[in-house]
2 protein chains.
Amino acid sequence: MFNFNEMKKAAQILDELGFRKTEIRLKVLDHLQKVNKAVSQPELEIKFNKFADRVTLYRILSAFEAKGIIHKIMDAHGVARYALCNHKHCMEHQHHDEHVHFNCTECGDVVCLDTVKIPALKLPKAFSSAKINLNIEGICNHCQK
Amino acid sequence: MFNFNEMKKAAQILDELGFRKTEIRLKVLDHLQKVNKAVSQPELEIKFNKFADRVTLYRILSAFEAKGIIHKIMDAHGVARYALCNHKHCMEHQHHDEHVHFNCTECGDVVCLDTVKIPALKLPKAFSSAKINLNIEGICNHCQK
DNA sequence: ATTTAATTGCAACATAGTTGCATTTAATCA
DNA sequence: TGATTAAATGCAACTATGTTGCAATTAAAT
Ligand SMILES: [Mn+2]
Ligand SMILES: [Mn+2]
Ligand SMILES: [Zn+2]
Ligand SMILES: [Zn+2]
């Protein structure tokens, strides 16, 4: 169901991308792989309570995004979240993230619904589309009934 | 093309909704009718330069939203924007806003593309959808070429 | 072991948004 | 018209997210 570069270990990925294998980076990447959700800096800050500075977390996420291993989305509350790219079309500075982002109003989780592609939309003449983000709010599978 | 309660005057609308006809509220509502775009508090603050306090603008927008004459959306940058509801299905605490929101990367404008309906999406079993927001970033009709 | 560029931590700042409370005022009424 | 009052506003203070500059630390190469 979930694969990311054949689920490589965090250390190997950092290596291949030319990142240093620092403890925080390893933890963040490992966490992203394990939870398989779109996580925010504030969430990471709580998760790794005071193990890393806020700014460091922001910079790690930006660095990962720039290398194309994660993608950034604005969630339904306007907070930036990052999730692993689990398809091979994501490359440095060139993401393909045209899937639905589901925001659970119960647990607060945000997940990429990679299987729910966004249908092509016919925009009015003279509008050109470059990027798209579809947030759905509702109850997720874990919180249902 | 654009109609809002048959394009009633701002004063009449405030009257009907039980709002006082204060100068700021008249200006904000009038502005929303004229520009027909999704506007943010920071934009209004600049537009009505120091004529109204920031907090007042936020409160006016919330009040209008609660009455169902405008709807709130988070734009592509995570900033709250409000636009007139131009269909009669919007009622107090019950909005129907299932259309595309277009964010122009040139001029920064955000507009409701009411004609571009969002197709029904088949979510995975056990996910239930309550609210949806689709932001498209690109070049708008005015900024094209 | 030394070197060095990458990474981190801290302080300071910016912007968006919220809350409490005292003051003002639009609308109602005497 | 003037008094009354609830609605609306303004101000201060606060929270949250996000950014930038710079000095200190450190992973990794030599
Ligand atoms: Mn995604
Ligand atoms: Mn809209
Ligand atoms: Zn949930
Ligand atoms: Zn434009």
Side-chain angles (χ1 to χ4, degrees), chain A residues 9-30 38-67 69-82 92 103 108 110 135, chain B residues 9-30 38-67 69-70 72-82 103 108 110 135:
Chain A
K9 283 211 199 67
Q12 187 188 344
I13 293 168
L14 292 185
D15 238 351
E16 290 175 3
L17 295 174
F19 287 126
R20 286 192 192 166
K21 283 162 283 183
T22 66
E23 197 163 349
I24 314 176
R25 291 190 171 201
L26 284 166
K27 280 186 174 175
V28 170
L29 184 48
D30 191 62
V39 303
S40 63
Q41 175 277 325
E43 280 178 352
L44 291 179
E45 194 179 352
I46 292 166
K47 169 77 183 174
F48 304 127
N49 187 30
K50 296 306 160 201
F51 182 79
D53 190 76
R54 295 180 340 100
V55 180
T56 301
L57 293 174
Y58 278 116
R59 289 201 267 234
I60 287 174
L61 293 170
S62 313
F64 286 179
E65 190 204 6
K67 283 292 182 183
I69 58 173
I70 63 179
H71 60 278
K72 177 186 187 175
I73 54 179
M74 300 303 299
D75 72 13
H77 300 314
V79 175
R81 288 177 176 270
Y82 298 82
E92 201 161 342
N103 299 236
V110 177
N135 275 309
Chain B
K9 283 211 199 67
Q12 187 188 343
I13 294 168
L14 291 184
D15 239 352
E16 290 175 2
L17 294 175
F19 287 126
R20 286 193 192 168
K21 282 162 284 183
T22 66
E23 197 164 351
I24 314 176
R25 291 193 171 203
L26 285 166
K27 280 186 174 176
V28 170
L29 184 47
D30 192 62
V39 303
S40 63
Q41 175 278 326
E43 281 178 352
L44 291 178
E45 194 179 352
I46 292 166
K47 168 79 183 172
F48 304 127
N49 186 30
K50 296 306 160 202
F51 182 79
D53 189 78
R54 297 180 337 103
V55 180
T56 302
L57 293 174
Y58 278 115
R59 289 199 266 233
I60 287 174
L61 293 171
S62 312
F64 285 180
E65 190 203 7
K67 284 293 183 183
I69 57 173
I70 63 179
K72 177 186 188 176
I73 54 179
M74 299 305 297
D75 72 14
H77 300 314
V79 175
R81 288 178 175 270
Y82 297 83
N103 300 236
V110 177
N135 276 309

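Letters A, B, ... mirror the listed sequences (proteins, then strands); counts begin at 1.
We find that CE of A:Met74 is positioned 13 Å from C1' of D:dA16, with the value rounded to whole Å. As a whole-Å value, the separation of B:Ile24 CD1 from D:dT9 P is 5 Å. The CG-P distance, from B:Leu26 to D:dA7, rounds to 18 Å in whole Å. Rounded to whole angstrom, the span from the CG atom of A:Leu44 across to the C1' atom of D:dG18 amounts to 14 Å. The separation between A:Asp75 atom CG and D:dG18 atom C1' is 14 Å, rounded to whole Å. Separating the NZ atom of A:Lys72 from the P atom of D:dT17 is a distance of 14 Å, rounded to the nearest angstrom. D:dT15 atom C1' lies 16 Å from atom NE2 of A:His77, rounded to whole Å. Spacing between atom CG of B:Leu57 and atom C1' of D:dG10 amounts to 12 Å, rounded to whole angstrom units.
An angle of 10°, rounded to 10°, separates the two end axes of the helix from C:dA1-D:dT30 to C:dA30-D:dT1, each defined over five pairs.
Considering every non-hydrogen atom in both A:Ala10 and A:Leu29, the closest pair reads O-CD2, 3.7 Å. When all heavy atoms of A:Arg81 and A:Ala38 are compared, the closest pair comes out as NH1-O, 2.8 Å. Closest approach of A:Gly78 and B:Met74 over heavy atoms only: CA-CE, 3.6 Å.
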task: Check the pair A:Leu17, A:Phe64 against side-chain contact (heavy atoms from CB on, under 4.5 Å), reporting the backbone distance first and the verdict last.
output: CA-CA 9 Å; A:Leu17 295 174; A:Phe64 286 179; 6.0 Å; no
message: The test is side-chain contact (heavy atoms from CB on, under 4.5 Å); show your working for A:Ile73 and A:Val110 and say whether it passes.
response: CA-CA 10 Å; A:Ile73 54 179; A:Val110 177; 4.3 Å; yes
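Distance alone, capped at 3.5 Å, places no donor-acceptor pair between the A:Asn135 side chain and the B:Asn135 backbone.
Once rounded to the nearest 0.5 Å, the distance linking CD1 of B:Ile24 with CG of B:Leu44 reads 11.0 Å. Put simply, CG on A:Leu61 and CD1 on A:Ile70 are 5.0 Å apart, with the number rounded to the nearest 0.5 Å. For the atom pair OH of A:Tyr82 and CG of A:Leu57, the computed distance is 11.0 Å after rounding to the nearest 0.5 Å. For the atom pair OG (B:Ser40) and CD1 (B:Ile46), the distance works out to 7.5 Å, reported to the nearest 0.5 Å.
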Below 3.5 Å is the cut-off: list the nitrogen or oxygen pairs between protein and nucleotides 26-30 of chain D, distance only.
residue, atom, partner, partner atom, Å
D:dT26, O2, A:Arg20, NH1, 3.0
D:dA27, N3, A:Arg20, NH2, 3.4
D:dA28, OP1, A:Lys21, N, 3.0

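Of the residues in residues 47-56 of chain B, those placing a heavy atom less than 4.0 Å from an atom of DNA chain D are B:Phe51, B:Ala52, B:Asp53, B:Val55, B:Thr56, in numerical order.
B:Ala80 comes within 4.0 angstrom of the backbone, heavy atoms only, and of no base.
Residue pairs meeting the side chain to side chain donor-acceptor pair (under 3.5 Å) criterion with at least one partner in residues 53-62 of chain B, sequence neighbours excluded, are B:Gln41-B:Tyr58. Among residue pairs with one or both ends in residues 19-30 of chain B, those qualifying as side chain to side chain donor-acceptor pair (under 3.5 Å) are B:Asp15-B:Lys21, B:Asp30-B:Lys34; sequence neighbours excluded.
On the nucleic acid side, DNA chain C has its first and last nucleotide under 4.0 Å of a heavy atom of chain B at C:dA16 to C:dA27, going 5' to 3'.
Summary of the strand contacts: B:Glu45 and A:Arg59 both lie near DNA chain C, and taking for each the nucleotide with the nearest heavy atom, the more 5' one is attributed to A:Arg59.
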